[in-house]
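Encoded as structure tokens, the structure appears first; notes follow it.
By convention in this document, chain letters (A, B, ...) are assigned in the order of the sequence lines, proteins followed by strands, and residues within each chain are numbered from 1.
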There are 2 protein chains.
Amino acid sequence: MSVYQPPIQSMRFLVHEVLRAPAILAEAGWDEVSGDLFDDVLSQAGRIAAEVLFPLNRSGDEEGVRVEADGVRMPAGFGDAYRAWREGGWNGLAGDPAYGGQGMPALLDTLVTEMVCGANLAFSIVPGLTQGAIRAIAAHAGDALKDAYLPRMISGDWTGAMALTEPHAGTDLGLLRTRAEPAADGSHRLTGQKMFISSADHDLTDNLVHLVLARLPDAPPGTRGISLFLVPKRLPDGSRNGWAVLSSEQKMGLHASPTCVVSYEGAVGWMVGQPHRGLPAMFTMMNHERLFVGIQGIGVGECAAQSALAYAREREQGRAPDGPRTPGRPADAIIHLPDVRRMVLTARALTDAGRALAAWTALWMDRARHGGDPALAEEAEDWAALLTPVIKAAGTDFGFEAAVLAQQVMGGHGYIRDNGVEQLVRDVRATQIYEGTNGVQALDLVQRKLTLHGGRPVARLFAAIDAAARDLEAEPLTRDIAGPLRDAAERLRGVVAWLAEAGARSPLAPAAAAADTLKLMALVSYGWMWGLMATAAARRPEGYDRAYLDGRIGLARVFANRLLPETVALDLRIRSGHDSLFDPGLTDDLAALDG
Amino acid sequence: MSVYQPPIQSMRFLVHEVLRAPAILAEAGWDEVSGDLFDDVLSQAGRIAAEVLFPLNRSGDEEGVRVEADGVRMPAGFGDAYRAWREGGWNGLAGDPAYGGQGMPALLDTLVTEMVCGANLAFSIVPGLTQGAIRAIAAHAGDALKDAYLPRMISGDWTGAMALTEPHAGTDLGLLRTRAEPAADGSHRLTGQKMFISSADHDLTDNLVHLVLARLPDAPPGTRGISLFLVPKRLPDGSRNGWAVLSSEQKMGLHASPTCVVSYEGAVGWMVGQPHRGLPAMFTMMNHERLFVGIQGIGVGECAAQSALAYAREREQGRAPDGPRTPGRPADAIIHLPDVRRMVLTARALTDAGRALAAWTALWMDRARHGGDPALAEEAEDWAALLTPVIKAAGTDFGFEAAVLAQQVMGGHGYIRDNGVEQLVRDVRATQIYEGTNGVQALDLVQRKLTLHGGRPVARLFAAIDAAARDLEAEPLTRDIAGPLRDAAERLRGVVAWLAEAGARSPLAPAAAAADTLKLMALVSYGWMWGLMATAAARRPEGYDRAYLDGRIGLARVFANRLLPETVALDLRIRSGHDSLFDPGLTDDLAALDG
């Protein structure tokens, strides 16, 4: 069976010992955020996740959503769960106090969000998209729109969604055709059809808001002719706006999350930001969502890792190869079988490092929030820019890997629906695709982020890894972990230089290397996080199980010995270049490949 | 959309140019198997696969099977399709002519089976299990049972299934408890409950046969106390035997294949083979099924690779990084994007090599069938023993990878059910689990097959790779492919030696290295197959598209440059040993891992 326990000890260890967040936040001008507050909020959020959201995960998958004449119906229990979420004040946790939010750090919000995602991925989409819409409105809308919408969205009375994709325009938004005609009152009328809109409609709240990309009549073609509009479900007078959900997709997973085709038929919208500058405004939302989706992957990874371990400790089959561990029982628990340990430890090692990297990034964003220190702000922007594609793609790829491993640990029992782990595989698979496929993230990394500001962000990464490796070397318990981390970082450094040279010769080279480069950077970054965790554990802080701390160092060693070797292969594959993909024998469009 | 075209050109190329099968079969005493016969049978089977079975794949998934009071109902259309299969004589293609079969080579049967699997994985399970049951009965049952059952099973009038798993006994069959009491007439009465029985019941035929593992009253405990019984649905007098399907599992995929819990309540069975020697007899079936399941993975990989390419050539989004390929269109087809090419080519390269390796093995089994040459028979046994776990695990792991890649190429369109590719992911996932999980296959490889006969089978592999590399080097078009293949084979050779040494120190070492060793051996074997294919293509045989032949060499280069580098990482990971998995900090049962 799938299980979900809030990973409170791991989160506390990360906040207090690895990141030393309370002290850093205090330095950065956060007066009111004590360590106790972190612990209290995490405990309360963990209870909601485990007791309210997790029990609805299977039933939501089985029942699914349905489209009725007047809109989308969520599965049983989701309405009550959302009410508990909203009434508990969770929706405004990190929201701007000027609009009724609690102004808590992004770090805390990240960890709370991860628990929601781990307990019920489909549910998480509703508040997750609302948070991104809030950010885009706050950053780009005029005061009237902000005053009208932000308080209700921060409270959770209204939710948010984003409407980008059209049937012929997915990754390539420059092709989109939805039109926005100016009206006399300064609003616009939107006409067109959008698809793949998550949470476009539901019955959790009375109203909700779409952020819609559309073209003004005088728009130039391509991405520089797209504007952004706020299109609510209900107009200020309470009447229904002119759009309708035509259908919700039947999907591999996320059955409890509507994925809608929406027809806008002269729907009233208000422009957010400047004409033709909608895409940069939308990216305020998308950058938030990319971090959120990475956290979705990490949350599912947590549920998968827990489920795999629980099953492996209980299921008795066969004997350890070096002799029985429980001679009085007819068989040993399979956790004693090396190949099962490999799978359980891999799922755990990937998940915890992903959480740490997302938390690192969130803390940097917090450090810049209150401070007038421009150096801090610059560094925070560098980390967020560099790590967003890594957290999105690696968080979801490794979340998928963890779910597949958990299913494999359970054998046939992992394949049947009742046990819940196959749902994790189906659900998390979407996260590798939506919010920019992981291939798009990889291109963002190699084409933009690695070369940003002359390579300043990635230089910060190498400096941070050097410091982490020195700390590992200074402590006998962790000394052996430093070498593999340094070697892997050197490989990445070499690849970054190679990409610059090869890219100067052909733009095909970085694009062909993108996915491998992102994975290389992810493994290096995860190895770095394990370095930080091992160093923190070796200090033997109070307040944690001793076995838990020993386990941190053991997992860091697993990561160094078993996960980092892949960096050698990635390095080789990247340097093999793009020639084989464009081999003349393969023809330009690969037409003769099949036969 | 998922597409399935019979890969006739690729199969013909393999049979005639890569394996030169007709000549080799003639040498081995097969008089009646001409090259034309191969081509005719493949074409006819391809039509059934594409025209009869593939159209039922989506509808079968949507409708699923259901259990009614009198048994299992298959989805609409499956009855007609099975009738076409049976009446076309397909079920007896490779069957023993003494019992009404056509006695065709296993090579031909392998290719026909792959097309069935690629077109409709759920359907393939019915004949696939029947073939294995036929083999076990033919090898181990007495003449009366053989005469009564083989003709009807070879004709397809009756089907077969195997009943091994019990709730507490999956991989560890030694724990099973189903009992068999001798009756006065020489038959037995079976009592117990089995689960995860594929095709335990259906409405395609009037009768079917379970091969059931059970314990005699005097059975010693463990695997040496298990006997094998033939338990039909209908007794010879036409009456219903004493077992019933209690339920069929709700699964992630394979919805059109029943996976049953069966209760045996004094069911009549006849022993197959010797008392307490049921497990070796069952392995006659299981070894066949492991090859079959590997072919299932290859078949799904074929459908996935075709679907990915078809979509990528049609879908227009974005522009090639080095400039527009179709300036007159609003966007280029995504096949011109390097990361999409990477995914499409990887799916294709993995699939075709898998097919070649399965065909190689089948041809060796054929070479031994008619001959009195004991050297050929010995070599055939070596190849089958060594390659069965590789074909099973790599065929299914890479089939899953191909399906996931195809889904990723299609983005959101790959996640919705209508397009059919997400079903491939859900369906093929089972093949990595059933018939011995891929972890079990890996243990079979490292604990038994690599050391079999003093390592004679793996020595044959290295000799064959040497010969293939020499051929590659002798031809300017393929010379560059030889080096990576030799290097990868050397890595495997080093690992085999390392495993022997490390295993002598601790039995944990090979078990910890098992999955990585299997993948290493799979990549080396697949690289070898690409070597054979490239060499055959460089000869420029008549009767193939020139672009197809060029593509073979191009794909071999893709495999050498982009897939073989992983062998470096596997080598390193294997040699890191088992210590990190059993790090003292992790504790014996990993109890403190989560938190």
Side-chain angles (χ1 to χ4, degrees), chain A residues 9-10 170-172 175 196 249-252 306 313 317-318 321-322 330-331 335 338-339 341 348 411-412 415-417 422 430 433 437 439 507-508 511-512 514-515 545 547-548 550-551 553-554 557-558 561-562 565-566 568-569 572-573 576 578 580-581 583 585-587 589 592-595, chain B residues 9-10 170-172 175 196 249-252 306 313 317-318 321-322 330-331 335 338-339 341 348 411-412 415-417 422 430 433 437 439 507-508 511-512 514-515 545 547-548 550-551 553-554 557-558 561-562 565-566 568-569 572-573 576 578 580-581 583 585-587 589 592-595:
Chain A
Q9 182 167 227
S10 282
T171 295
D172 191 349
L175 302 178
F196 292 162
E249 306 287 354
Q250 299 296 313
K251 306 186 298 294
M252 181 184 197
Q306 289 185 23
R313 293 184 61 211
Q317 295 284 285
D322 55 345
I335 196 64
D339 193 55
R341 289 177 92 83
R348 173 51 65 204
Y415 194 68
I416 61 179
R417 293 187 59 138
E422 64 84 36
I433 294 171
T437 65
L508 294 171
D545 296 340
Y548 176 80
D550 290 342
I553 300 173
R557 200 163 277 127
V558 167
N561 285 315
R562 303 191 64 87
E566 192 179 347
V568 181
L572 288 169
R573 194 184 301 159
S576 82
H578 64 281
S580 66
L581 297 181
D583 190 278
L586 295 171
T587 76
D589 65 352
L593 200 68
D594 296 349
Chain B
Q9 182 167 225
S10 281
T171 296
D172 192 349
L175 303 177
F196 292 162
E249 306 287 354
Q250 298 297 313
K251 307 187 297 295
M252 182 184 196
Q306 288 185 25
R313 293 182 63 211
Q317 296 282 286
D322 55 345
I335 195 65
D339 193 55
R341 288 177 92 84
R348 172 52 64 205
Y415 194 68
I416 61 179
R417 294 186 59 137
E422 65 84 35
I433 294 171
T437 63
L508 293 172
D545 297 340
Y548 176 81
D550 290 342
I553 300 173
R557 199 163 278 128
V558 167
N561 285 314
R562 302 191 64 87
E566 192 178 347
V568 180
L572 288 168
R573 194 185 302 160
S576 82
H578 64 282
S580 65
L581 298 181
D583 190 278
L586 295 171
T587 76
D589 65 352
L593 200 67
D594 295 349

For [X], is it the side chain, the backbone, both, or neither that has a heavy atom closer than 4.5 Å to a heavy atom of chain A?
{"X": "B:Asp583", "value": "side chain"}
{"X": "B:Arg562", "value": "both"}
{"X": "B:Arg313", "value": "side chain"}

Counting heavy-atom pairs under 4.5 Å to chain A, which of [options] comes out on top?
{"options": "B:Gln306, B:Arg557, B:Arg417", "result": "B:Arg417"}
{"options": "B:Val568, B:Leu586, B:Val558", "result": "B:Leu586"}
{"options": "B:Gly412, B:Ala547, B:Pro330", "result": "B:Gly412"}
{"options": "B:Ile433, B:Leu175, B:Leu572", "result": "B:Ile433"}
{"options": "B:Ser580, B:Gly439, B:Ala331", "result": "B:Ser580"}
{"options": "B:Ile335, B:Thr437, B:Asp545, B:Thr587", "result": "B:Ile335"}

**Asked** Does any heavy atom of chain B fall under 4.5 Å from the side chain of A:Phe196, the backbone, both, or neither of them?
**Response** side chain
**Request:** Check whether A:Ala514 gets within reach of chain B through its side chain, its backbone, both or neither, counting any heavy atom under 4.5 Å.
**Result:** neither
**chain B interface, residue from A:Asp589, A:Asp339, A:Asp550 that has the most non-hydrogen pairs under 4.5 Å** = A:Asp589
